[in-house]
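These notes are about the structure you will find just below.
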There are 2 protein chains.
Amino acid sequence: MSTAADPPAAGPTTSPPTGRVTISDVARVAGVSVATVSKVVNNRYGVAASTAERVLAVVGELGYESSLVARSLRRQSTNVVGVLVAEFEPYSTELLKGISSAVGGTGYELLAYSGGSDGGVPGGWERRSLSRLAGTLIDAAIVVTPTMVMSEANGIPVVAVDPHTGPEGTHTVDSDNVTGAREAVEHLLGLGHRRIAHLGGRSDLQSARLRELGYREALEAAGIAVDPDLVRVGGYRPDTADTPARELLTASGAERPTAVFAANDLSAIHLMEVAAELGIRVPQDLSVVGFDNVPESMTTTPALTTVAQPLHQMGAEALRMVLDLLGGTPREQHLRLPTSLVVRGSTAPPPSPPPEVGNSSAT
Amino acid sequence: MSTAADPPAAGPTTSPPTGRVTISDVARVAGVSVATVSKVVNNRYGVAASTAERVLAVVGELGYESSLVARSLRRQSTNVVGVLVAEFEPYSTELLKGISSAVGGTGYELLAYSGGSDGGVPGGWERRSLSRLAGTLIDAAIVVTPTMVMSEANGIPVVAVDPHTGPEGTHTVDSDNVTGAREAVEHLLGLGHRRIAHLGGRSDLQSARLRELGYREALEAAGIAVDPDLVRVGGYRPDTADTPARELLTASGAERPTAVFAANDLSAIHLMEVAAELGIRVPQDLSVVGFDNVPESMTTTPALTTVAQPLHQMGAEALRMVLDLLGGTPREQHLRLPTSLVVRGSTAPPPSPPPEVGNSSAT
DNA sequence: ATGAAAGCGCTAACAT
DNA sequence: ATGTTAGCGCTTTCAT
């Protein structure tokens with residue numbers, strides 16, 4: 001009395017109706033032991049050609065593929081490099097493109113893991129992800145913008161890209177934050193700006209401190225004192241940058257900066273939105289420079305002038321470094337790549353200077 | 001006689017000098033069994049408060065985190081959704097951003113695996129990756145642009161995004177390729193173009209066929225016969241598009257198209273480079289339209305007019321769909337999202353038409 | 001409340 | 001040439 005929905009109990013053997021094909025399934029169907037199947041699929045010696053053939057046939061028929069998990073648990077290495085990120089956003093995905101292009105032909109596969117944000121403690125996602133994957137799933141790891149110092153205690157090579165804590169414990173790849181920031185500000189100075197504000201990052205992060213340092217250096221070199229009112233913490237994110245951006249832009253008259261150097265593109269873009277809301281035109285009334293050159297920086301109107309980090313190249317170098325480490329090739333601990341200024345539409349000379357004291361046509 | 005390179009054999013206990021901290025290490029140090037440690041870290045009942053406290057202290061001290069691999073091997077589910085891609089390129093990473101933004105707050109983690117290209121057979125990476133991960137490492141999978149039909153025989157929910165074989169076996173998310181292509185060509189027609197070429201994708205891929213269909217439909221609706229010389233296979237990639245692009249653009253005089261609709265952005269961008277090389281100005285001498293709207297389409301000069309696929313949204317929808325499937329919520333098999341034309345600088349009216357036969361000033 | 005033991009799928013010694 | 005066994009790190013009955 002079975003209905004059509006009931007599969008006609010083909011065989012109440014060990015095979016569950018659902019689920020994946022395991023090595024035991026192959027062994028049973030081929031009439032050999034699991035060890036033999038393992039030898040066949042791994043091209044080990046000691047298997048008769050006829051047996052191998054039969055096993056391979058069953059493998060093809062059943063579509064068997066060894067489980068990465070079970071295999072890594074047993075084996076020493078997996079041939080997989082892990083890329084640990086907090087989240088897949090513009091910065092990490094650009095890096096990923098560079099890593100991916102460099103992995104071709106190396107025989108390694110890539111596994112990008114996003115174990116950040118939700119759930120546990122805000123900081124420390126990198127340590128947690130690393131502990132969960134190292135030694136079992138991945139042979140080496142590239143950690144993107146870790147907030148904490150990574151100890152290599154997990155027994156696998158680790159390369160940190162743009163570590164927020166500065167190059168310390170581990171091998172690192174980053175870009176020249178200070179020079180990049182200085183060039184951004186020098187660009188504004190060259191345009192004639194004098195009241196240049198800085199919408200900073202997070203004061204606990206190395207990159208933010210270095211970018212602010214570059215800002216200060218450029219100003220001082222030009223003989224301009226840094227006005228504390230013109231420096232705000234923006235937090236790197238649109239939401240955290242909102243209030244400081246408003247404070248900067250609502251200053252009255254001559255107090256208002258004619259240009260802003262933001263610590264990253266995301267906050268620069270948000271500042272441009274705030275400016276638009278306040279009726280401040282970019283670049284006529286206000287020049288804006290960002291940092292990172294993520295793809296999003298080209299989508300604004302006008303497009304954002306920014307300091308480019310060579311993200312693809314940084315990713316590729318990080319992969320090469322971690323593979324060298326894996327192979328025992330000694331590598332320098334820190335690799336720093338140069339930034340470059342990308343001038344687009346958001347910067348222009350400042351509006352005509354306000355009438356000075358003693359000017360003939362004042363008031 | 002030990003050199004500085006020899007670590008001073010700290011303790012020949014069971015703990016290897018290298019490698020990760022395992023549950024046994026914690027158990028040994030805390031003086032309890034591994035079962036107890038497991039119970040503590042998983043908040044199971046039946047552990048004395050004092051014991052739990054002690055174990056937790058050791059966990060913190062040693063920085064223990066359970067291995068994803070070992071845990072998944074034993075457990076039914078892993079709370080990890082896999083994203084299977086052939087490679088991390090602009091298309092898949094944009095999707096990834098959408099998937100990542102939608103995963104927040106769901107309690108799931110993301111694992112993007114790139115098991116394509118190198119090594120084995122060109123086709124079938126998706127089947128291989130799925131077999132390797134399904135059932136053990138990941139609870140569900142989103143497969144990006146699979147070339148083959150995916151059977152759900154792996155026992156886990158699968159959603160295919162932009163499947164190259166057309167919506168058949170599995171659940172799918174894609175965009176309206178035909179309408180998108182038609183709108184692209186209608187845009188060119190509206191600008192006054194009549195000789196419109198098509199730099200196609202790969203003829204074995206569904207999306208390429210649909211885009212060519214849209215191209216043909218638009219032309220026919222306008223009463224223009226499709227010139228076979230104006231249709232070339234571009235293969236979706238810069239390298240494969242090179243020769244066909246040259247063939248299209250080196251046609252002499254009036255034979256040369258005044259506009260090209262390319263099957264994707266990458267081949268459109270390469271065609272623009274070829275045009276520049278040949279001294280053909282875009283958009284004055286030639287209009288170009290792409291498809292996808294990957295970030296790279298904004299980096300060209302002029303920026304590329306293209307048909308946007310809502311990639312972030314498609315990724316987010318794919319995640320929602322696969323999570324629904326996981327939770328047993330019934331979902332429609334196919335979800336198709338609309339495309340939209342993004343007009344940028346690479347399209348303009350055609351150059352003034354060549355003198356017609358019977359024109360007074362002809363030759 | 002705690003621990004011993006089995007077993008997830010697989011590979012690698014070690015028999016036979 | 002093939003099979004048996006142990007064990008990777010972990011969770012989970014089942015005893016104690």
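Throughout, protein chains are lettered first and strands after them, A, B, ... in sequence-line order, and every chain is numbered starting at 1.
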Between the protein and nucleotides 14-16 of chain C, list the N/O to N/O atom pairs that are separated by less than 3.5 angstrom.
none

Original post:
Which part of the nucleic acid, if any, lies within reach of Ala35(A) when heavy atoms closer than 4.0 Å are counted: base, sugar-phosphate only, or nothing?
Top reply: base

**OP:** Select base, sugar-phosphate, or nothing to describe what Thr22(B) touches, counting heavy atoms under 4.0 Å on all strands.
**Re:** sugar-phosphate

**OP:** Start with the C-alpha gap between Leu326(B) and Asp139(B), add the side-chain angles, then the distance that decides, and say whether side-chain contact (heavy atoms from CB on, under 4.5 Å) holds.
**Re:** CA-CA 8 Å; Leu326(B) 211 42; Asp139(B) 291 350; 4.1 Å; yes

**OP:** Mind running a 4.0 Å heavy-atom check of residues 50-74 of chain B against DNA chain C and sending the residues that fall below it, in number order?
**Re:** Thr51(B), Leu73(B), Arg74(B)

Could you tell me the separation between the [atom1] atom of [X] and the [atom2] atom of [N], rounded to a whole number of Å?
{"X": "Arg132(B)", "N": "dG9(C)", "atom1": "CZ", "atom2": "C1'", "result": "13 Å"}
{"X": "Asn42(A)", "N": "dC10(C)", "atom1": "CG", "atom2": "C1'", "result": "9 Å"}
{"X": "Arg44(A)", "N": "dT11(C)", "atom1": "CZ", "atom2": "C1'", "result": "8 Å"}
{"X": "Ile23(A)", "N": "dC8(C)", "atom1": "CD1", "atom2": "P", "result": "14 Å"}

Given 3.5 Å as the limit, does a donor-acceptor pair link the side chain of [X] with the main chain of [Y], or not?
{"X": "Arg20(B)", "Y": "Ala134(A)", "value": "yes"}
{"X": "Thr36(B)", "Y": "Val32(B)", "value": "no"}
{"X": "Asn42(B)", "Y": "Lys39(B)", "value": "no"}
{"X": "Arg44(B)", "Y": "Ser38(B)", "value": "no"}

Mind checking whether [X] and [Y] have side chains closer than 4.5 Å, heavy atoms only?
{"X": "Val143(B)", "Y": "Trp125(B)", "answer": "yes"}
{"X": "Val103(A)", "Y": "Phe88(B)", "answer": "no"}
{"X": "Leu62(A)", "Y": "Val26(A)", "answer": "yes"}

Subject >> Polar side chain donor-acceptor pair, Thr172(B) to His334(B), under 3.5 angstrom >> reply: yes

**OP:** Go through DNA chain D in 5' to 3' direction and return only the first and the last nucleotide with some atom under 4.0 Å of chain B's heavy atoms.
**Re:** dG9(D) to dT12(D)

Original post:
Does the pair Glu65(A)/Arg128(B) count as a salt bridge with the N-to-O cut at 4.0 Å?
Top reply: yes

Original post:
Stepwise, does the side-chain contact (heavy atoms from CB on, under 4.5 Å) test hold for Glu89(B) with Glu94(B)?
Top reply: CA-CA 9 Å; Glu89(B) 24 69 41; Glu94(B) 285 309 303; over 6 Å; no

